[in-house]
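In this chain, numbering begins with 1 at the start of the sequence shown.
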Amino acid sequence: MEMQQVRYFLALSNTLNFTRAAEECNVTQPALTRAIKTLEDELGGELLRRERQHSHLTELGRRMLPLLQQCYDAATSAKSLAKAVQSSDVAPLNVTISNSVNIALLVSPFTELFRAYPGVHLKINRGSPNAVIDALKNGDVELAVAGPLGAAWDRLDTWPLFQEGIELVVNSDHPLARRNEADVALSQLVAEPVLSRIDWETSEELSRCLSANGLTPRSAHEVETDHDLLALLEANAGVGFVSVTAPRSPNVRRLKLRDLDISRVVAVYAVAGRHRSPVATTLLNLLRSTDWSTFGVSEPA
């Protein structure tokens, strides 16, 4: 099926007259008639029944009309978008960011990207580590920014951006927060309900480190994002763990872990061997060249 045939059929369904449809499409009537006949052969039946002044769409024609209209509209939109992209008016870029990465970190590289591509159309998705990997696998996004994704898929290209520590967070009115000390011992957390993070890239390593140091946290509530964690901490629902670059709240205090030195590496990911658009390549280079030290993090080991 060709778009030309679809266009001819749409004109014919509007005029119910081969001569007028041919004029509307700026083709000869025999050419339009042949195209409609070819389309009917492909679809397996008549689309329009000629009855002089009473010509009308057949049942097949009526059923096919909305589908072919949708098909034609989609093709027209795709052509317009392709033309805009070629003229640099629009540069679409899909990116996924892990739930555990603070988007405020990306303001600087995004700003430079907008300067380089004033017409960039950025679409940002959020998700768990598995959702990040699936988005890359399925080709839904070109780049992803996340914590450690492990060896879940061997086709990932990985560029480490920075390394950051993990801290304890408590409500400002919590007994641990009212102390003058900036750190706490793990033994002080034995009786504390710990808020759990669902699908956090650091969860397994944190659990291993805590267990290795003799602490098995008493789980309380479960959340997916840093913002949800902060909300429950403000309600004094327990204590939690966040990365250094996680969002902050005036009602929550950060504390260092005296007996535990745990960190994670945040990286940008792409699919090895898959073509990247110029705008995606530009963002990748901007991310890799960003000075992350202003956020209190270090170079990846």
Side-chain angles (χ1 to χ4, degrees), residues 74-75 77-79 81-164 197-205 224-226 243 245-246 263-292 295 297-301:
S77 296
K79 185 176 181 180
L81 177 59
K83 183 177 180 180
V85 171
Q86 292 298 324
S87 64
S88 298
D89 291 337
V90 177
L93 175 61
N94 292 351
V95 178
T96 189
I97 303 174
S98 165
N99 287 333
S100 70
V101 173
N102 188 352
I103 197 171
L105 298 171
L106 307 180
V107 170
S108 178
F110 281 162
T111 300
E112 294 303 317
L113 180 71
F114 297 149
R115 289 175 181 167
Y117 289 88
V120 67
H121 183 166
L122 194 61
K123 181 178 180 180
I124 298 175
N125 299 310
R126 286 288 201 164
S128 65
N130 287 335
V132 170
I133 294 172
D134 286 344
L136 288 166
K137 279 184 178 181
N138 298 333
D140 297 330
V141 299
E142 292 191 68
L143 298 175
V145 180
L149 296 180
W153 192 34
D154 59 4
R155 284 194 60 193
L156 288 181
D157 272 338
T158 305
W159 295 271
L161 299 178
F162 58 84
Q163 185 167 344
E164 61 177 340
R197 289 291 297 275
I198 302 172
D199 291 330
W200 189 30
E201 296 96 311
T202 319
S203 293
E204 291 186 8
E205 184 180 358
E224 282 192 341
T225 69
D226 289 323
S243 60
T245 60
S263 62
R264 72 168 189 168
V265 173
V266 173
V268 57
Y269 300 88
V271 179
R274 186 175 291 172
H275 173 74
R276 283 191 296 274
S277 65
V279 65
T281 300
T282 299
L283 179 57
L284 174 61
N285 292 335
L286 288 170
L287 290 169
R288 296 181 66 190
S289 63
T290 296
D291 179 11
W292 303 101
F295 296 100
V297 298
S298 60
E299 293 286 331

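For S289, there are no side-chain contact (heavy atoms from CB on, under 4.5 Å) partners two or more places apart in sequence or in a different chain.
The line from CD of E164 to OG1 of T245 is 3.5 Å long, rounded to the nearest 0.5 Å. The distance from the CG atom of L113 to the OG atom of S108 is 11.0 Å, given to the nearest 0.5 Å.
Scanning both residues, E201 and S98, for their nearest heavy atoms gives OE2-OG, 2.6 Å. Taking every heavy atom of both residues into account, S203 and R197 meet most closely at OG-O, 3.5 Å. Taking every heavy atom of both residues into account, Y269 and L156 meet most closely at CD2-CD1, 4.2 Å. Heavy atoms only, all atoms of each residue included: K123 and N94 are closest at CB-OD1, 3.2 Å. Nearest heavy atoms, G127 versus V132: O-CG2, 4.1 Å. Counting all heavy atoms, side chain and backbone alike, R276 lies closest to L143 at CD-CD2, 4.1 Å.
For the side chain to side chain contact (heavy atoms under 4.5 Å, CB included) criterion with L93, the lone passing option out of T282, L122, I124 is L122.
The closest side-chain heavy-atom distance from R274 to D157 is not below 4.5 Å. Looking at heavy atoms from C-beta onward, D226 lies out of side-chain contact with N102 at the 4.5 angstrom threshold. A 4.5 Å side-chain heavy-atom check between L136 and R155 finds every atom pair outside the cut-off. At least one side-chain heavy atom of W153 sits less than 4.5 Å from a side-chain heavy atom of V271. By the 4.5 Å heavy-atom criterion applied to side chains, W292 and L161 are counted as neighbours. Between L106 and I97 there is a side-chain heavy-atom pair separated by less than 4.5 Å. Counting only heavy atoms from C-beta outward, the side chains of L283 and F110 approach each other to under 4.5 Å.
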Exercise. For L284 and V268, what are the C-alpha separation, side-chain angles and deciding distance, and is it a side-chain contact (heavy atoms from CB on, under 4.5 Å)?
Worked result: CA-CA 7 Å; L284 174 61; V268 57; 3.6 Å; yes
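If you check the side chains of S100 and R264, you find a donor sitting under 3.5 Å from an acceptor.
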